[in-house]
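Residue numbering restarts at 1 for every chain, and letters A, B, ... go by the order of the sequence lines. All figures in this text were calculated on a predicted structure; none of them were measured in a lab.
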Protein chains: 2
Amino acid sequence: MGITSRDVARLAGVSQPTVSRALRGDPRVSDETVRRVRQAAEALNYVPSEAGRSLSTRSSHRIGVLVSDLTNPFYPHLVGPLHDELEAHGYRMMLFTERSEAMGAAERLTDHSIDGLVLATSTLDSALPAELQRRELPFVYLNREGTTPADAVVVDNRLGGEQVANQLVASGHRHIGGIFGPDNTSTGRDRELGFRQALADAGIALRPAHTKHGPFEFETGRTALPELLAADPAPTALFCGNDVVAIGVLDAARRLGVQVPAELTVIGFDDIPMAAWTSFELSTVRHDLHEMARTAARLVVERVSGTYTGEPRRIVLSPRFIERQTHATPLDG
Amino acid sequence: MGITSRDVARLAGVSQPTVSRALRGDPRVSDETVRRVRQAAEALNYVPSEAGRSLSTRSSHRIGVLVSDLTNPFYPHLVGPLHDELEAHGYRMMLFTERSEAMGAAERLTDHSIDGLVLATSTLDSALPAELQRRELPFVYLNREGTTPADAVVVDNRLGGEQVANQLVASGHRHIGGIFGPDNTSTGRDRELGFRQALADAGIALRPAHTKHGPFEFETGRTALPELLAADPAPTALFCGNDVVAIGVLDAARRLGVQVPAELTVIGFDDIPMAAWTSFELSTVRHDLHEMARTAARLVVERVSGTYTGEPRRIVLSPRFIERQTHATPLDG
DNA sequence: CGATAACGTGCATACGTATGAACAAGGAGG
DNA sequence: CCTCCTTGTTCATACGTATGCACGTTATCG
């Protein structure tokens, strides 16, 4: 079986509580005792049991992170900084990769193995946030936000959508299309909203035949492109829900022999590292993924530690248009 | 504070142990009592505390999975199936993303928050496996294996390397190069070994100026290509340590204006989904990632549950060459 | 009808750690 | 010389669940 603090106590010739205090740096323990306990712990390879500690302190010092699908290249770039920032605050990250926020997710999250949660893939219609609130598990929205009020760290997605629309209009595009994210995500909805609004303000129509909706996945872009190009007139520019979708479009364009950007302008959103690959050189909307993740970590830590107990906070980061090689004036301009 | 089994017991008018038994499906509890307990638990939103359960049963029903870097597209494809298969066996996955198997990793892994571990990124010179063995934490090597004996699920990497060499030779290539993985990984080493052996058997030299080593990352391929092409004569074919490296090479080739496969044949290893994208159409060596992950999950579950207690097992999966569009006969053939 | 078995439930306790309170030993001050 | 404080340690117990064992009840059989 495992080594317990009792074993260490026996070897060091002290009581179990003294072992606990010595190793946790309680100032009431004498230096000499600390030395003896440390030595004994070392000799036995003692590692305190997290289960015991959690039970006793009623806190696990772990923060959950819920993402949907790690094979989507977007999420790993969020998870890394989250891990590091939580670590820096003395918390450990516990990653949950629920495909869907399925039945039972709330139960699994509230079994006291985490003190708080970062929701990175919440949908607007999800029942999970309300359920978490009811069960009093502190949580923070990251990237996407839901309808239940809670701390949130997001990008100004409307502004990003506007920036893209303005760029396209300024470049002379008049047949503009969009492959938007799911309606039940705040990111998908707001990017589309801002984009549509700015186009409308510029007096440019966005035809239904030039738009699609779909999950933020490679396949969405890949399958959408041929369908959109079948429209008459075909769009000369496409705004994609995020970079992963845009890269799917670029991949499909290659397959179809469509020249980008000569025949088609493609714009993404997020500026993940892959967007900068020579194979894609994707024009996109950049925001600071790392900063976003770090901020979310900070907020959730403040919640679980009780450092902050006030009203929900909403941190909004600013996006910026990044011009690369998938962006040009239209042939028929 | 949280709802405990005592609260449920009080509401249902039974004792705490009965609640435990009722919810865990102990056959000794009467149907009527089960019904009452269930109802009370439901009404209170009771979720059993994992910490309490772990402490009492001395097992967490959690399996750790240690990977280095999730932004490497290879790993998410391993993690997904692992998660599902562990789930199917009644275990939960706990993902650890240590950048390095740093000091203290062994301690964090042996704090009894996991019953066993899947090592997906072990290096040959790592001290971690030996340390885990000393601390008696069951573990399984996945994809890569180490020197400390333990269950392992791997690909026949030597055979894969041989297959690539034979293909290149059969296609008429004589100036062949390689961008191999790190020497301290079993995958890097074995693929290189098989490749070199088969070339030697065919009487074809592998010049030092045509080879490089580096981590299994995009950047490795991207930076290596120009250096290798500077050799005289330049290689007409390159075997890459894995797909991610090969995609880095393809990306660099695009930047340099090198035509693939007309001027350069590029071969990868793993057949991750991205290899099949139109943008790459990478010829590669396929093995069953999902099967590999599922098998590792099975082995580690057998270990922690005590179903299997015998000698270490080594499961070897067979690779198969997949011909796509980055593979042709050389111009100077 | 009494002995016995089968069934259902409660009691006591273990798991490993942390912590408030009690306590022992020693030193300072009156 | 007694009191009071300081310092370092131990005692007792809590945390929430699971489980061996004892116990009570009812059905079963001789």
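Taking side-chain N and O atoms only, A:S20 has a distance below 4.0 Å to OP1 or OP2 of C:dA18. Taking side-chain N and O atoms only, B:S56 has no distance below 4.0 Å to OP1 or OP2 of D:dT19. Close to D:dA18, at under 4.0 Å from its OP1 or OP2, lies a side-chain N or O of B:R24.
Two residues, B:E32 and B:T57, neighbour DNA chain C, and the one matched to the more 5' nucleotide by heavy-atom proximity is B:E32. Of the residues near DNA chain D, B:R28 and B:E50, the one whose nearest nucleotide (by heavy atom distance) lies more toward the 5' end is B:E50. Both B:S30 and A:L55 lie near DNA chain C, and the one whose nearest nucleotide falls closer to the 5' end is B:S30.
Checked by atom type and distance alone, the side chain of A:S54 pairs as donor or acceptor with a backbone atom of A:E50 at under 3.5 Å. Side chain of B:D84 to main chain of B:P81: no donor-acceptor pair is present (N/O by atom type, distance under 3.5 Å, no hydrogens or angles). Between the A:T110 side chain and the A:A106 main chain, a donor and an acceptor come within less than 3.5 Å of each other. For A:N72 (side chain) and A:D69 (main-chain N/O), no donor-acceptor pair under 3.5 Å exists by modelled atom type.
Near DNA chain D, meaning a heavy atom under 4.0 Å from it, residues 5-19 of chain B has B:S5, B:R6, B:Q16, B:P17 in order of number.
The CZ atom of B:R58 sits 6 Å away from the P atom of C:dG16 (whole-angstrom rounding). Here D:dT7 presents its P atom at 13 Å from CG of A:D26, a figure rounded to the nearest Å. Across the protein-nucleic acid pair, B:D111 atom CG and C:dG16 atom C1' stand 12 Å apart, rounded to whole Å. Whole-Å rounding puts the B:H112 NE2 to C:dG16 C1' distance at 10 Å. For the pair A:D31 CG and D:dT7 P, the computed distance is 13 Å after rounding to whole Å. Atom OH of B:Y46 is separated from atom C1' of D:dG16 by 7 Å (rounded to the nearest Å).
Among the atoms of the strands shown, none is found under 4.0 Å from any heavy atom of B:S54.
Under a cutoff of 6.0 Å and an axis angle of 45°, B:R313 and B:Y308 form a cation-pi pair.
Residues A:D115 and A:V304 come closest through the heavy atom pair O-CG1, 3.4 Å.
With no hydrogens or angles considered, a side-chain donor-acceptor pair links A:D270 and A:H287 at under 3.5 Å.
At a cut-off of 3.5 angstrom, the base of C:dG10 holds at least one donor-acceptor pair with the side chain of B:R21.
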